[in-house]
Amino acid sequence: QVQLMESGGGSVQAGGSLRLSCAASGYIESIVYMAWFRQFPGQEREGVAVMRRGGTIRYASSVKGRFTVSQDNAKTTLSVLTLQMSALQAEDTAMYYCAAQDARGSVSLVHTEYKYWGQGTQVAVSS
């Protein structure tokens with residue numbers, strides 16, 4: 001089992017930046033993919049960015065060039081994933097979730113392909 005804990009959400013004005021972090025615990029050696037999703041009220045979770053252990057990264061087109069994911073390079077496992085968000089817009093206001101999957105996953109931005117989820121952290125961007 002893997003547990004995920006997000007941190008770093010909050011409120012910011014449009015054009016500002018926020019940094020989210022996700023820390024995994026438990027059987028972290030099994031994690032091959034870690035991702036960030038977000039959910040707007042009344043909608044399904046949408047993928048923001050995913051990283052594969054070893055460094056392959058994929059971004060949603062809506063955040064490419066504004067958001068950056070990175071891992072804690074001091075660790076040999078993929079267990080800490082950071083989402084640096086810049087040039088935030090009101091449309092980025094959502095609940096942000098961290099997700100993880102083992103080797104049965106892929107570099108996917110589809111929420112149904114992830115087994116492990118954090119509780120989420122709220123991001124609010126005011127215009």
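Just so it is clear, the model here is predicted, and its values are computed rather than measured. Residue indices begin at 1 and follow the sequence shown. All values below come from the heavy atoms of this structure, side chains included, with hydrogens, waters and symmetry mates left out.
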| query | What pairs of residues pass the side chain to side chain donor-acceptor pair (under 3.5 Å) test when at least one of them lies in residues 5-24, not counting sequence neighbours? | reply | Arg19-Gln84
| message | Tell me the closest heavy-atom pair linking Met34 and Val80, and the distance in Å. | response | SD-N, 4.3 Å
| request: Measure across Gly47 and Ala60 and return the closest heavy-atom pair with its distance rounded to 0.1 Å. | output: O-CB, 3.3 Å
| What residues form a side chain to side chain donor-acceptor pair (under 3.5 Å) with Thr93, not counting sequence neighbours? | none
| Does the Tyr97 side chain pair with the main chain of Arg45, one donor and one acceptor, at a distance under 3.5 Å? | no
| Would you say Gln43 has more than 12 foreign heavy atoms packed within less than 6.0 Å of its CD? | yes
| field | Reported CG-to-OG distance for the pair Leu81 and Ser70, which is rounded to 0.5 angstrom | value | 7.0 Å
May I have the list of side-chain donor-acceptor pairs in residues 115-126 shorter than 3.5 Å, sequence neighbours left out?
unit_1, atom_1, unit_2, atom_2, d
Trp117, NE1, Tyr114, O, 3.1
Thr121, OG1, Gly9, N, 3.2
Gln122, NE2, Ala94, O, 3.2

| task | Sort out for me which residue in Arg38, Gln39, His111 forms a side-chain hydrogen bond (donor to acceptor under 3.5 Å, both in side chains) with Glu46. | result | Arg38
| message | Show, in sequence, the C-alpha distance, side-chain angles and deciding distance for Ser106 and Glu113, and conclude whether the side-chain contact (heavy atoms from CB on, under 4.5 Å) test is met. | response | CA-CA 8 Å; Ser106 63; Glu113 297 196 15; 3.1 Å; yes
| said: Restricting to side chain to side chain contact (heavy atoms under 4.5 Å, CB included), what partner residues turn up for Ile28, sequence neighbours left out? | reply: Ala24, Ile31, Thr77, Ser79
| Residue pair Thr68 / Tyr59, side-chain heavy-atom distance below 4.5 Å | yes
| request: To the nearest 0.5 Å, tell me how far Ser62 OG sits from Asp92 CG. | output: 7.5 Å
| task | Under the side chain to side chain donor-acceptor pair (under 3.5 Å) rule, collect the residues that match up with Arg58, sequence neighbours excluded. | result | none
| query | Going hydrophobic residue to hydrophobic residue with side-chain gaps under 4.5 angstrom, can you get from Trp36 over to Ile57? | reply | yes
| request: To the nearest 0.5 angstrom, please state how far the CG atom of Asp102 sits from the CD atom of Glu29. | output: 12.5 Å
| message | With heavy-atom distances below 4.5 Å as the criterion, would you say the side chains of Met85 and Tyr96 are in contact? | response | yes
| task | Could you state whether Leu4 and Val69 fall into the same hydrophobic cluster, counting links through intermediate Ile, Leu, Val, Met, Phe, Trp or Tyr residues with side-chain heavy atoms under 4.5 angstrom apart? | result | yes
| Is Leu83 linked to Leu109 within one hydrophobic cluster, defined over Ile, Leu, Val, Met, Phe, Trp and Tyr using a side-chain heavy-atom separation of less than 4.5 Å? | no
| Taking all non-hydrogen atoms of both residues, which atom of Leu88 and which atom of Arg66 are closest, and how far apart? | CA-NH1, 3.9 Å
| field | Shared hydrophobic cluster for Val12 and Phe67 (ILVMFWY, side-chain gaps under 4.5 Å) | value | yes
| field | side chain to side chain contact (heavy atoms under 4.5 Å, CB included) against Arg52, all qualifying residues, sequence neighbours excluded | value | Val32, Tyr33, Thr56, Val107
| task | Begin with the C-alpha distance, continue with both residues' side-chain angles, and end with the deciding distance and a verdict on side-chain contact (heavy atoms from CB on, under 4.5 Å) for Val48 and Phe37. | result | CA-CA 5 Å; Val48 173; Phe37 285 78; 5.5 Å; no
| field | Gly55 backbone acceptor or donor facing Gln71 side chain under 3.5 Å | value | no
